[in-house]
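So the structure is just underneath, and the comments pick up after that.
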Amino acid sequence: MLFFLFITIIILQRVFELVVAKNNERWMKERGALEFGHRHYPWIVLTHVLFFVSYIFEVLFFEKGLSRLWPMLLLLFVITQAGRMWALFSLGRFWNTKIIVLPGAKVVKRGPYQFIKHPNYAIVAAEFLVIPLMFQAYITAIVFTLLNILILSIRIPAEEKALRELTEYEDAFLRIRPEPDKDIKKV
């Protein structure tokens, strides 16, 4: 029963996020935003859908129970959800599951984006471990963590390329990644 409550909350959250993303997509495109990453986006969707299918199957088929580490995992889950909301609200209308860039838009540098470039991807990576580990779905945790690494190795460069081409992205994040010569002491 606890598993079904946990997974239902997560799935409902994802459905809500897809509605928000679709509304944001429409708003941005009405203002001239361009979409990138058409070729890899279906693979992202498939990976996330299969994550839930695999997770549910592994827990039910192998009769997995709540982990002995559940208090720590629950705390980590709550932290990831707070981070997820922080990232979403920080981007506001610019948040999306797709790569959609409004040419000339000011790059968001508030919230978690003042510390790292892609906080939402870090959160998803953590979720692909924490969520399955909550009910000891070790196979799902390993397989989808590896798939996520593969997908992000395509996704992040595509997103950064689009942002560099259409916004002041590189300049906005110079302070997060300092220029090499500023860190080296010259003798």
Side-chain angles (χ1 to χ4, degrees), residues 5-53 55-56 76-131 144-145 147-177:
L5 177 62
F6 183 63
I7 196 69
T8 300
I9 289 169
I10 297 168
I11 290 172
L12 289 174
Q13 177 193 30
R14 297 308 191 267
V15 170
F16 172 75
E17 288 176 0
L18 288 174
V19 170
V20 170
K22 196 64 178 169
N23 287 334
N24 290 348
E25 176 182 357
R26 186 174 27 259
W27 181 85
M28 287 181 68
K29 286 185 174 179
E30 286 171 357
R31 284 153 183 76
L34 304 172
E35 184 176 342
F36 299 85
H38 295 89
R39 290 179 56 205
H40 73 261
Y41 185 72
W43 294 103
I44 291 174
V45 172
L46 181 63
T47 299
H48 283 258
V49 168
L50 290 178
F51 169 78
F52 286 108
V53 170
Y55 181 43
I56 293 167
L76 290 173
F77 176 74
V78 169
I79 291 168
T80 62
Q81 299 320 291
R84 185 181 201 83
M85 292 298 108
W86 192 25
L88 192 148
F89 286 118
S90 295
L91 285 179
R93 293 293 231 159
F94 295 102
W95 179 83
N96 212 293
T97 59
K98 297 178 180 178
I99 301 173
I100 300 175
V101 181
L102 185 60
K106 186 173 180 183
V107 176
V108 173
K109 295 185 296 182
R110 65 181 170 272
Y113 296 92
Q114 62 189 311
F115 306 111
I116 60 174
K117 289 183 180 183
H118 303 286
N120 203 54
Y121 297 145
I123 291 162
V124 170
E127 288 176 333
F128 272 19
L129 286 171
V130 171
I131 292 171
F144 286 90
T145 292
L147 282 173
N148 191 50
I149 290 168
L150 175 64
I151 285 172
L152 290 181
S153 73
I154 297 164
R155 171 69 172 217
I156 291 173
E159 185 171 324
E160 289 194 342
K161 181 178 186 284
L163 287 166
R164 275 193 314 272
E165 289 176 2
L166 299 175
T167 69
E168 307 258 338
Y169 182 73
E170 220 35 63
D171 293 336
F173 284 101
L174 276 178
R175 64 185 178 86
I176 287 178
R177 191 187 69 228

For the ring pair F77 and F6, is the centre-to-centre distance below 6.0 Å? yes

Between Y169 and E160, the two heavy atoms sitting closest are OH-OE2, 3.0 Å

The test is salt bridge (charged side-chain N to carboxylate O under 4.0 Å, His left out); show your working for R26 and E30 and say whether it passes. CA-CA 6 Å; R26 186 174 27 259; E30 286 171 357; 5.1 Å; no

Evaluate the side-chain proximity of E159 to K98: yes if any heavy-atom separation is below 4.5 Å, no if none is. no

What heavy-atom pair brings A158 and H40 nearest, and what distance separates the two atoms? CB-CE1, 4.0 Å

Kindly check if the number of other-residue, nucleotide or ligand heavy atoms within 6.0 Å of CH2 (W86) is above 12? yes

Nearest 0.5 Å please: distance from the OG1 atom of T97 over to the CG atom of N120. 10.0 Å

Around atom NZ of K22, are there more than 12 heavy atoms from other residues, nucleotides or ligands closer than 6.0 Å? no

Closest non-hydrogen contact found for G111 with S90 is CA-OG, 3.3 Å

For F94 against A105, the heavy-atom pair lying closest together: CE2-CB, 4.1 Å

Separation between CG of L91 and CG of N96, rounded to the nearest 0.5 Å: 10.0 Å

For I151, run the side chain to side chain contact (heavy atoms under 4.5 Å, CB included) check against T47, V124, I156 and tell me which one passes. T47

Looking at every heavy atom in both G92 and N24, which two are closest together, and how far apart are they? O-ND2, 3.4 Å

Supply the atom-to-atom distance I100 CD1 to M28 CE, rounded to the nearest 0.5 angstrom. 6.0 Å

Which atom pair, heavy atoms only, marks the closest approach of V101 to A162? CG2-CB, 4.0 Å

Can you find a pair of side-chain heavy atoms, one from T80 and one from I123, that are under 4.5 Å apart? yes

Report the distance from atom CD1 of I131 to atom CZ of F51, rounding to the nearest 0.5 Å. 5.0 Å

Show your working on side-chain contact (heavy atoms from CB on, under 4.5 Å) between F144 and L50 and close with a plain yes or no. CA-CA 9 Å; F144 286 90; L50 290 178; 3.8 Å; yes

Heavy-atom distance under 4.5 Å between the side chains of R14 and F52, does that happen here? yes

Q81 meets the side chain to side chain donor-acceptor pair (under 3.5 Å) criterion, sequence neighbours left out, with Q13, E127

Taking the side chain as every heavy atom from C-beta outward, state whether I99 and R155 have any atom pair closer than 4.5 Å. yes

CZ/R39: more than 12 non-hydrogen atoms of other groups inside 6.0 Å: no

Measuring from atom CG of N23 to atom CG of L18, what distance do you get when rounded to the nearest 0.5 angstrom? 11.0 Å

Distance from E25 atom CD to E35 atom CD, nearest 0.5 Å? 5.5 Å

